[in-house]
Enquirer: 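My questions will all concern the structure given below.
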Amino acid sequence: NECLIASAARTIRLWDVASEAYACSLDGHKCGIVALAWSHDSSKLASADEQGHIAIWDVATASILHTVAAACSALAWSWDGNYLALGGNNGNIALLNVQKNWSEEHIQGHSGSVLSLEFWRFGPILVSKGVGQVGMWNTTTRKPILHINEPSSAYIHVNVAFDLHGIALATLGDKDT
């Protein structure tokens, strides 16, 4: 039942939604936070800042488990918790393998910044959204499954989301398609 709020003041605040009570702060970034992602078991939280520092937090202890140096504009955890995907400003996606000492593998395919990421809950599929592009990737083979060119010119309000059943994909951009 926890909710979080990130601020440009480098602090993540956790709140207990049921009681509306402040739970704790996660402090560790030296500049503004640009992306957050909960693990699906809610035990870990990933945060990325403007200077390219990513922190993986143990939510129960409010401590940093691991750090990564990588410029990042989007974060997403795989449903099994084995991967953390990082969307880069250079069009690349890095997959950090939690089970293999945070080893890093890359997917290339966007011509600009990767602004939104989401894993499919039923298998090794990742969807990425950048300006004007949607990509779908097999995270086992690192190969593209689908590429959609979609009119979009702004970096604001760009998102992708699967429905609960994994049948439909919604994309959000700034222009009608």
Side-chain angles (χ1 to χ4, degrees), residues 1-119 126-131 135 137 139 152 154-161 172-174:
N1 287 343
E2 287 185 320
C3 161
L4 60 89
I5 298 173
S7 72
R10 308 173 306 258
T11 300
I12 301 165
R13 293 180 185 87
L14 299 180
W15 298 85
D16 183 303
V17 176
S19 68
E20 299 179 18
Y22 169 78
C24 69
S25 291
L26 306 178
D27 296 306
H29 287 283
K30 294 180 176 33
C31 63
I33 297 165
V34 297
L36 295 167
W38 281 103
S39 63
H40 293 283
D41 66 1
S42 299
S43 67
K44 293 182 282 303
L45 178 70
S47 58
D49 70 27
E50 297 168 333
Q51 292 180 340
H53 299 100
I54 298 166
I56 315 307
W57 301 87
D58 179 328
V59 176
T61 64
S63 62
I64 295 175
L65 294 170
H66 188 73
T67 59
V68 178
C72 170
S73 50
L75 296 165
W77 286 96
S78 63
W79 279 86
D80 60 10
N82 290 334
Y83 290 96
L84 176 63
L86 318 174
N89 294 330
N90 59 1
N92 291 335
I93 300 166
L95 293 175
L96 301 180
N97 189 326
V98 176
Q99 305 301 319
K100 294 184 179 175
N101 202 28
W102 298 93
S103 63
E104 191 171 321
E105 300 174 36
H106 294 271
I107 296 174
Q108 297 178 338
H110 283 277
S111 59
S113 296
V114 178
L115 303 170
S116 182
L117 296 165
E118 182 161 343
F119 278 92
L126 176 68
V127 173
S128 57
K129 174 78 168 102
V131 176
W137 315 92
T139 57
S152 180
Y155 287 89
I156 191 164
H157 304 301
V158 176
N159 208 343
V160 291
L172 178 63
D174 67 338

Enquirer: Out of curiosity, Leu126 CG to Phe119 CZ, how far, rounded to the nearest 0.5 Å?
Expert: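 Separation between the atoms: 4.5 Å.
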Enquirer: Side-chain contact test, heavy atoms from C-beta onward, threshold under 4.5 Å: evaluate it for Leu96 versus Leu86 and give yes or no.
Expert: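 Heavy-atom side-chain distance check passes, below 4.5 Å.
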Enquirer: Would you mind reporting whether Ser63 and Trp57 have side-chain heavy atoms less than 4.5 Å apart?
Expert: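 Answer no - side chains too far apart.
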Enquirer: Step by step, work out the side chain to side chain contact (heavy atoms under 4.5 Å, CB included) result for Lys44 and Trp77.
Expert: CA-CA 10 Å; Lys44 293 182 282 303; Trp77 286 96; 3.9 Å; yes
Enquirer: Are any side-chain N or O atoms of Asn101 and backbone N or O atoms of Ser103, one a donor and one an acceptor, separated by less than 3.5 Å?
Expert: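 Not a single qualifying donor-acceptor pair exists.
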Enquirer: Can you confirm whether Thr67 sits close enough to Ile56 that some side-chain heavy atom of one is under 4.5 Å from a side-chain heavy atom of the other?
Expert: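 A side-chain contact is absent here, since even the closest heavy-atom pair is not under 4.5 Å.
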Enquirer: Taking side chain as C-beta onward, heavy atoms only, is Glu20 less than 4.5 Å from Trp15?
Expert: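 No - every pair of side-chain heavy atoms lies 4.5 Å or more apart.
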Enquirer: Could you grab the distance from atom CG of Asp49 to atom CD1 of Ile33, nearest 0.5 Å is fine?
Expert: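 Output value for this atom pair is 7.5 Å.
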Enquirer: Output all residues satisfying side chain to side chain contact (heavy atoms under 4.5 Å, CB included) with Ser25, sequence neighbours left out; order by chain, then residue number.
Expert: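 Ser25: side chain to side chain contact (heavy atoms under 4.5 Å, CB included) contacts with Thr11, Arg13, Tyr22, Asp27.
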Enquirer: Kindly determine whether Leu95 and Glu104 satisfy side chain to side chain contact (heavy atoms under 4.5 Å, CB included), including the steps that lead there.
Expert: CA-CA 6 Å; Leu95 293 175; Glu104 191 171 321; over 6 Å; no
Enquirer: Applying side chain to side chain donor-acceptor pair (under 3.5 Å), can you list everything that pairs with Gln99, at least two apart in sequence or on another chain?
Expert: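 Partners of Gln99 under the side chain to side chain donor-acceptor pair (under 3.5 Å) test: Asn82.
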Enquirer: Looking only at atom types and distance, does a side-chain atom of Trp137 sit under 3.5 Å from a main-chain N or O of Ile107, one as donor and one as acceptor?
Expert: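 No, the answer is negative, given that no donor and acceptor are paired below the 3.5 Å cut-off.
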Enquirer: For residues Tyr83 and Asn97, determine if any side-chain heavy atom of one lies less than 4.5 Å from a side-chain heavy atom of the other.
Expert: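 SC-SC contact between Tyr83 and Asn97 confirmed.
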Enquirer: Determine which pairs satisfy ring-ring contact (aromatic ring centres under 6.0 Å, His included) with at least one residue from residues 89-111, sequence neighbours left out, and list them in order.
Expert: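 Every ring-ring contact (aromatic ring centres under 6.0 Å, His included) pair that includes a residue of residues 89-111, provided the two are not neighbours, is His66-Trp102.
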Enquirer: Check Ala46 against Leu84 and note the closest heavy-atom contact, atom names and distance.
Expert: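 Looks like CB-CD2, 3.8 Å.
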Enquirer: For the residue pair Ile54 and Ala48, what are the closest heavy atoms and their distance?
Expert: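 Where Ile54 meets Ala48 most closely, the heavy atoms are CG1-CB, 3.9 Å.
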Enquirer: Between atom OG of Ser113 and atom CG of Leu115, what is the distance when rounded to the nearest 0.5 Å?
Expert: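 Output value for this atom pair is 5.5 Å.
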Enquirer: Looking only at heavy atoms, what is the nearest atom pair of Leu36 and Ser47, with distance?
Expert: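 Taking Leu36 first and Ser47 second, the nearest heavy atoms are CD2-CB, 3.6 Å.
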Enquirer: How far does NE2 of His29 sit from CD of Gln51, to the nearest 0.5 angstrom?
Expert: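 The CD atom of Gln51 is 10.5 Å from NE2 of His29, to the nearest 0.5 Å.
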Enquirer: Would you please name every residue forming a side chain to side chain donor-acceptor pair (under 3.5 Å) with His40, sequence neighbours left out?
Expert: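 With sequence neighbours excluded, His40 shows a side chain to side chain donor-acceptor pair (under 3.5 Å) to no residue whatsoever.
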Enquirer: Which residues pass the side chain to side chain donor-acceptor pair (under 3.5 Å) test with Asn89, sequence neighbours left out?
Expert: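 Applying side chain to side chain donor-acceptor pair (under 3.5 Å) to Asn89 gives Ser73.
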Enquirer: I'd like to know whether CD of Glu105 has more than 12 heavy-atom contacts from other residues, nucleotides or ligands below 6.0 angstrom.
Expert: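 Buried by this count: over 12 neighbours within 6.0 Å.
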Enquirer: Please enumerate all residues that pass side chain to side chain donor-acceptor pair (under 3.5 Å) together with Ser19, with sequence neighbours excluded.
Expert: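 In terms of side chain to side chain donor-acceptor pair (under 3.5 Å), with neighbours along the sequence ignored, Ser19 is linked to Asp16.
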Enquirer: Start with the C-alpha gap between Leu117 and Ile93, add the side-chain angles, then the distance that decides, and say whether side chain to side chain contact (heavy atoms under 4.5 Å, CB included) holds.
Expert: CA-CA 9 Å; Leu117 296 165; Ile93 300 166; 4.1 Å; yes
Enquirer: Could you state the interatomic distance from NE2 (His53) to NZ (Lys30), rounded to the nearest 0.5 Å?
Expert: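 So the gap between those two atoms works out to 7.5 Å.
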